Amino acid sequence: MATAALSGVQSMLTLPTDAIRQLQWRFADRFDLQMLVQSARGVARTTVAQLVAAGERNTHEWTPLKEEMLEAFDRAGLSAVFMEPEQGGFIAGPKNLALALAAFELAWVDGGAATASLAGFLALAPIRERGTAEQAQNYMSLAAPSQPQSESGQNRKPLRGAFCLTEPIPYVGVDTGMLSGKVRIARWDEGEEPWLEVDKRGRFITNIATANFVTAAVNSDDPRIKGTCMVILEETDEGTFERGTPTKKLVHQLSSTGDPAFNMKVPASRIIGGYTVREGVIVPNFSHSEVIEAVFRRTRVTVGLMTAAKLLSAVEPVIRYQRSRFRGAEGARPGSIRYEQGIQQREDALHRLVDVWSCGEAAASLGFAAARLFDELDPLEKQKAAALAELRISGGRAEAKALRASEPRAMEMLALPKSHALRAELAADPVVQFILKDAEANVLCPATKLWNTGHGANMMREAVSLMGGYGITEDCPGFLASKWMDAQLEATYEGPEAVQRRQLTVTMTSEIFLALFRAWTAEMRHIASLRPGTGACTLASAMQMWLWTLNHLQKSTDPEGNKLYHGQRQGVTFAMADALCWLLASRCQILDVLELEARGAADTALTELLPGTLQFFSDLCHVQAAKAAGEVSRVCSELVFGYKRHPSWNDTGCGECFSSVEIEEFEETMPGITAMVMDVLKADGSHPEKAGPCATCARESDFLNLQSKLSRCLSGSRLAKDRAAETVSTVMIPEALDYPQ
Ligand SMILES: Cc1cc2nc3c(=O)[nH]c(=O)nc-3n(C[C@H](O)[C@H](O)[C@H](O)COP(=O)(O)OP(=O)(O)OC[C@H]3O[C@@H](n4cnc5c(N)ncnc54)[C@H](O)[C@@H]3O)c2cc1C
């Protein structure tokens, strides 16, 4: 391990190279992914950048140039990333990291371009996740671009799709259960496959201008069809396939969006995942919510990475702007501080850029960790299903019951020391592995979507502000103002922040996740002892505080006796979800730096770059951990103290308990006050007359101890920020941005 690298103060020489990123984000051994990154970058920094520079974002219409962009994606292989090799794809096995990397590269230049690429996969995702084998093979292979001059001489245009869930107000939005789209039996002849009539209107549907098919969520309007489902509609089906007028978006204009209307007749085989007929009723194998749950838990990670890319892409243009700001002015001659450093002479400008950069790093680390986790989860899901099938357990409810029954084994595994033989045995069990990874994924996915896009949008505003007036013009290098607005859409589509917070409030309190979280806290403490410069100590203390507060809130009530931690009490649960995301992002960022340190040492090509890069990244981790700790401390103290009545007359206790010393003090200044207050409390049915702190006050004093420990753990974080700022002022950047403006 390059131990010296983190202890000595060395400056990072250049912006992080591809080799550094490949190690950090763990695809240094994946040549296929490295090639994909190059392909996506090629299209992004040529075709896409030219389109933006040419003002194609200024129209809502779908234009020939935008259409050409999709064709460029096809040629670069980007439209086939989602497919299996036998379906026309080129990546075997799980593809979450691949999709994340491709989206990251496209969003580095333009979020709308990334969305146009991803929305096609979103349309296919219901079919891939829950479709029948025939449906998957058919639509996935038709959507894969044919190879130019393929053996058959065919140059088929790939099928393009749109995902249609959201409906015109007052129906589906955040609440996905309020479906107005309808499905009925159109015709059902004896012994024949039934035909369905589908009536669906969509709102804000991406890719609708080019879609040849849509996957639409509908509800039964016929006693012969049970519940809800998703169906595939093709533009050539009998009936109306109306694309609707383009949405007047302020963002992502390189993708098409509109409010379509469909009224079509399709065979029942278009129900995604198939159906069975029971007593004359069509029973879809999957309800629409089962389908979308499987889809969004993967696709939302990619969206989170789009915002991370924006933040990191802002660094280089801002540095260039800051340094060159005064060049050409009288008195700003080459070699002078004013010429060389420009605005970077000013500490605040550097510190704010450090904040943007550290947030971008943390967001990327969190998002890529989530994408890799889903790559691990995908095969485990199949192994788990096979293991349960051997026990003759299959189907939603039976599987869920079996998994619940296996949870104690997963908990047992986590509790055993690493060297214990039983731990290895349990760890080898695919069901146990699945339970652990699933619990983690159920938190990391919404956390990535929520924090990267929500907090990321706020930090994009910071990036824009660093460019002054230029920042809010179309000419701003790096298209920062567009990226700022685009980030807001990323925080909205595929479920706004409220949806992610709602999911987190459930998944982050699962016993398995909390056991993992405890293990991660211990891990951070250990890292803190080896690498204090990463801010791991601060982070571990903040994690401890979050866990303490959750536990406290779950047992506490407000003055009216209502539970504090309760699904309906979003003021409590959502705030805790937000706080958790800060911790998770910071943890992933630290782990990525340790990975870079461990693996980078073996790469001789990095000998010169690595020490300075590690020092800088470590400082960014420290900065970010301190911010996370501050945020967690603020949220937790608001929740611990904010639901108590204000102790107007006693500013040390809860207002309901006080020590004999305090009583004496009060009596001295206001004779008779003690008796008066006691009477009020007794009438209120509240407090005892005993001296000394009550249980609540004792718990609060535990919290205050944690908070004071946390404050002390911040030691060194501002020194790290100063060091990082110094690097930002000296790091080499290319002469010009590597894409057209
Ligand atoms: C450009 C664009 C592209 C899109 N592409 C697609 C697409 O391809 N396919 C598709 O199906 N949809 C698409 N959408 C729709 C998008 O997913 C929805 O807009 C989004 O899910 C939110 O729904 P809504 O706008 O109806 O918000 P609403 O449901 O009206 O919610 C508005 C706000 O109210 C609050 N809120 C609502 N419910 C709750 C709650 N339970 N708890 C707390 N707060 C709450 C939140 O602050 C929320 O952000 C797209 C949207 C846009 C703008």
Side-chain angles (χ1 to χ4, degrees), residues 403-404 407-408 410-412 414-415 435-436 438-447 450-451 497-522 524-525 539-584 587 628-629 631-646 654-657 686-687 693-710:
L403 289 175
R404 263 197 309 279
E407 280 181 8
M411 293 290 285
E412 188 184 357
L414 289 175
I435 289 172
L436 293 173
D438 193 49
E440 190 178 344
N442 283 338
V443 171
L444 283 206
C445 171
L450 171 60
W451 192 80
E497 288 146 287
V499 174
Q500 316 309 320
R501 292 186 175 113
R502 207 171 44 184
Q503 189 184 336
L504 276 167
T505 59
V506 177
T507 56
M508 74 188 187
T509 51
S510 89
E511 263 192 54
I512 302 279
F513 175 73
L514 291 177
L516 283 170
F517 190 80
R518 275 189 284 274
W520 295 348
T521 309
M524 272 303 135
R525 280 260 173 265
L539 188 62
S541 297
M543 289 168 91
Q544 204 180 343
M545 176 182 280
W546 182 86
L547 199 57
W548 186 97
T549 306
L550 178 70
N551 192 28
H552 171 80
L553 295 170
Q554 283 175 324
K555 292 185 194 137
S556 305
T557 55
D558 65 13
E560 268 72 53
N562 299 315
K563 278 187 174 174
L564 285 185
Y565 200 91
H566 185 277
Q568 301 303 321
R569 198 143 206 176
Q570 297 177 339
V572 175
T573 56
F574 280 20
M576 285 300 282
D578 282 327
L580 175 67
C581 294
W582 283 85
L583 299 172
L584 298 176
R587 171 180 178 264
E631 195 62 22
V632 168
S633 177
R634 180 187 67 75
V635 168
C636 292
S637 48
E638 260 188 55
L639 296 179
V640 169
F641 294 101
Y643 284 99
K644 286 158 44 82
R645 286 209 184 94
H646 194 271
C654 69
E656 298 181 354
C657 75
S686 18
H687 228 267
C694 66
T696 312
C697 277
R699 278 207 301 278
E700 283 162 6
S701 122
D702 289 347
F703 178 83
L704 292 173
N705 284 339
L706 282 176
Q707 206 171 34
S708 113
K709 182 176 170 192
L710 183 59

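Numbering starts at 1 and runs along the sequence shown. Everything numeric in this text was worked out from a predicted model, so none of it was measured. All values below were derived from every heavy atom in this structure, side-chain atoms included, with hydrogens, water molecules and symmetry-related copies excluded.
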Test item: Thr573 side-chain N/O and Thr505 main-chain N/O as donor-acceptor pair under 3.5 Å: no
d(Leu539 CG, Gln544 CD) to nearest 0.5 Å is 11.5 Å
CZ/Phe574 to CD/Gln500 distance, rounded to the nearest 0.5 angstrom? 10.0 Å
Shortest non-hydrogen pair, Leu450 vs Cys581, comes out as CD2-SG, 3.8 Å
Are side-chain N/O atoms of Ser541 and Arg525 paired as donor and acceptor at under 3.5 Å? yes
Do Thr509 and Met576 make a side-chain contact, defined as non-hydrogen atoms from C-beta onward lying under 4.5 Å apart? no
First locate atom CG of Asn705, then atom CE of Met545, and finally report the distance between them rounded to the nearest 0.5 Å. 10.0 Å
With a 4.5 Å heavy-atom cut-off, do Leu704 and Phe641 have their side chains touching? yes
Taking C-beta and beyond as the side chain, do Val572 and Tyr643 meet within less than 4.5 Å on heavy atoms? yes
Is a side-chain donor or acceptor of Asn442 paired with a backbone partner of Asp438 at a separation under 3.5 angstrom? yes
Short side-chain to backbone donor-acceptor contact, Ser633 and Ala629, under 3.5 Å: no
Within a 6.0 Å radius of atom CD on Glu511, are there more than 12 heavy atoms belonging to other residues, nucleotides or ligands? no
Do Leu564 and Leu639 make a side-chain contact, defined as non-hydrogen atoms from C-beta onward lying under 4.5 Å apart? no
Give the minimum heavy-atom separation between Ser510 and Ala439, together with the two atoms involved. OG-CB, 4.4 Å
Find the distance between CD (Gln554) and NZ (Lys563) and round it off to the nearest 0.5 Å. 9.5 Å
Could you tell me if the side chain of Arg699 sits less than 4.5 Å from the side chain of Ser556, heavy atoms only? yes
Ile512 side chain reached by Ile435 side chain, heavy atoms, under 4.5 Å: yes
State whether Arg404 and Glu407 are salt-bridged, where the test is any N-O pair (Lys NZ or Arg NE/NH1/NH2 against Asp/Glu carboxylate O) under 4.0 Å. no
Step-by-step side chain to side chain contact (heavy atoms under 4.5 Å, CB included) determination, Arg587 to Met524: CA-CA 8 Å; Arg587 171 180 178 264; Met524 272 303 135; 3.7 Å; yes
Leu553 CG to Arg569 CZ distance, which is reported to the nearest 0.5 Å: 10.0 Å
Smallest separation among heavy atoms of Val632 and Ala579, with atom names: CG2-O, 3.7 Å
Please list all pairs meeting ring-ring contact (aromatic ring centres under 6.0 Å, His included) that have one or both residues in residues 541-572, counting only residues at least two apart or in different chains. Phe517-Trp546, Trp548-His552, Trp548-Phe703
Provide the closest heavy-atom pair for Leu584 versus Ala447 in the form atom of the first, atom of the second, distance. CD1-CB, 3.8 Å
For residues Ala575 and Gly571, report the shortest heavy-atom separation together with the two atoms involved. CB-O, 3.5 Å
Within the structure provided, determine whether Leu436 and Leu414 are in side-chain contact (heavy-atom separation under 4.5 Å). yes
Minimum heavy-atom distance Arg518-Leu547, with the two atoms named: CG-CD2, 3.3 Å
In this structure, CZ of Arg502 is separated from OG1 of Thr507 (nearest 0.5 Å) by 12.5 Å
pair Val443-Leu580: side-chain heavy atoms closer than 4.5 Å: yes
